[in-house]
Amino acid sequence: AVRSYVTLGVDVISARNCLAFTQSVEGVIARVGAHPNDGGTVAESEQRLAEIEQLAGAGGFPEIGETGLDYFREWCAPEVQIKGFEAHLQLASQLNLPVIIHCREAGLAVLEVLKNQKSSVAGIMHCFAEGPDMVQAFLDLGLHISFAGNMTYPKSQHLRDAAKLVPMDRILVETDAPFLAPQPKRGKRNEPAYLAYTLERLADVKEVTVEALAEQTYHNAAQLFGLTAT
């Protein structure tokens, strides 16, 4: 059973809506941040980041993000993405919160930004899309690694190979809803109920029972977000 789930804000308005949702529905966690593809111009990005900082500083969010770099679409210039990523990391450090990191075809650039931080970074490589060769570098930085429905796809052996390398106390599972529905539901709008399919495939990869992996990933998430694991 899904006991808790995260709902994300991609801007100030949606973050406020997410926060209100957490106050009316038990087990929901809200996060605040700006997706790297939503940075816009330098001026727009700076305005959005200022609003996010103000909202996050008011409290109620146990994590910052998602943030990071996306060089697959490049709807936003890389230099603007990097500045936004750095600002999110600094905010997470100031508030002592974990950060949710988006990385698509930008693994080396994300690593460079992370390594340039003056303080350690706690958080998640969300919807991991890199191959096994990148796993250890992110683990060495202290990050958790999270897998979504795309790791169940027939052509995603590189993700299953990556999952084999992640220690049990650093692995997480997610939906990335409404995107990336797992193979049995591929092509449909993704939802939390479909997490079971990803969990089952990941348990096969890790050679553990579904029940053991469910308990471990729940414990990992609860510990990372400072929640009480029940």
Side-chain angles (χ1 to χ4, degrees), residues 1-10 14 17-18 21-22 24-31 33 35 61-63 65-66 68 98-104 123-132 134-135 138-139 143-230:
V2 177
R3 286 173 276 182
S4 299
Y5 63 95
V6 176
T7 181
L8 64 94
V10 296
S14 60
N17 290 337
C18 289
F21 190 42
T22 68
S24 61
V25 180
E26 185 179 358
V28 181
I29 302 165
R31 67 190 191 199
H35 192 284
F61 298 96
E63 55 182 313
E66 71 188 74
V99 63
I100 311 304
I101 300 173
H102 173 102
C103 176
R104 191 170 186 190
I124 301 170
M125 291 304 299
H126 141 74
C127 191
F128 194 72
E130 304 296 319
M134 299 291 291
V135 168
F138 290 119
L139 291 174
L143 295 165
H144 289 62
I145 296 182
S146 182
F147 294 92
N150 54 337
M151 67 85 57
T152 70
Y153 299 164
K155 294 183 179 180
S156 292
Q157 187 59 45
H158 65 297
L159 297 182
R160 294 186 284 276
D161 290 341
K164 292 178 183 179
L165 302 177
V166 182
M168 287 290 283
D169 63 349
R170 296 280 203 91
I171 199 164
L172 293 167
V173 64
E174 64 175 279
T175 62
D176 197 38
F179 310 109
L180 299 179
Q183 186 64 28
K185 300 292 184 178
R186 195 170 182 178
K188 297 184 178 181
R189 179 184 174 87
N190 204 0
E191 59 181 70
Y194 298 163
L195 188 67
Y197 297 102
T198 303
L199 188 72
E200 183 177 1
R201 188 69 180 93
L202 188 58
D204 287 341
V205 171
K206 300 300 288 181
E207 298 183 342
V208 298
T209 66
V210 171
E211 293 77 13
L213 185 60
E215 287 300 320
Q216 183 68 60
T217 53
Y218 182 74
H219 174 79
N220 293 346
Q223 187 175 54
L224 181 64
F225 300 135
L227 305 174
T228 300
T230 57

Residue from [options] passing side chain to side chain contact (heavy atoms under 4.5 Å, CB included) with [X]:
X    : options          : value
I171 : L165, I145, T217 : T217
I100 : H144, E174, E66  : E66
R201 : K206, Q183, R160 : R160

Non-hydrogen side-chain atoms of [X] and [Y] separated by less than 4.5 Å:
X    : Y    : answer
K185 : N190 : no
V173 : F147 : no
T175 : P182 : no
F179 : N150 : no
I124 : F225 : yes
M151 : V205 : yes

Rounded distance [0.5 Å steps], [atom1] in [X] versus [atom2] in [Y]:
X    : Y    : atom1 : atom2 : result
M168 : E215 : CE    : CD    : 11.0 Å
L143 : F128 : CG    : CZ    : 10.0 Å
Q216 : T209 : CD    : OG1   : 11.0 Å
H219 : L172 : NE2   : CG    : 11.0 Å
E211 : L213 : CD    : CG    : 10.0 Å
L180 : Y153 : CG    : OH    : 4.5 Å

Closest heavy-atom pair and its distance - D176, C127: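 Heavy-atom minimum between the residues: OD2-SG, 4.0 Å.
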
statement: Minimal heavy-atom distance between P62 and P98, with the atoms involved, is O-CD, 3.3 Å

Pair S146-M125, side-chain contact (heavy atoms from CB on, under 4.5 Å): steps then yes or no: CA-CA 6 Å; S146 182; M125 291 304 299; over 6 Å; no

message: Would R170 and L139 count as a side-chain contact (heavy atoms from CB on, under 4.5 Å) here? Give the steps.
response: CA-CA 8 Å; R170 296 280 203 91; L139 291 174; 3.4 Å; yes

task: Tell me, yes or no, whether the heavy-atom count around Y197 atom OH, taken from other residues, nucleotides or ligands under 6.0 Å, exceeds 12.
output: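 Count not over threshold, so no.
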
message: Can you tell me how the ring of H102 sits relative to the ring of H126, calling it parallel under 30°, perpendicular over 60° and tilted otherwise?
response: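 Tilted, since the angle between the ring planes falls between 30° and 60°.
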
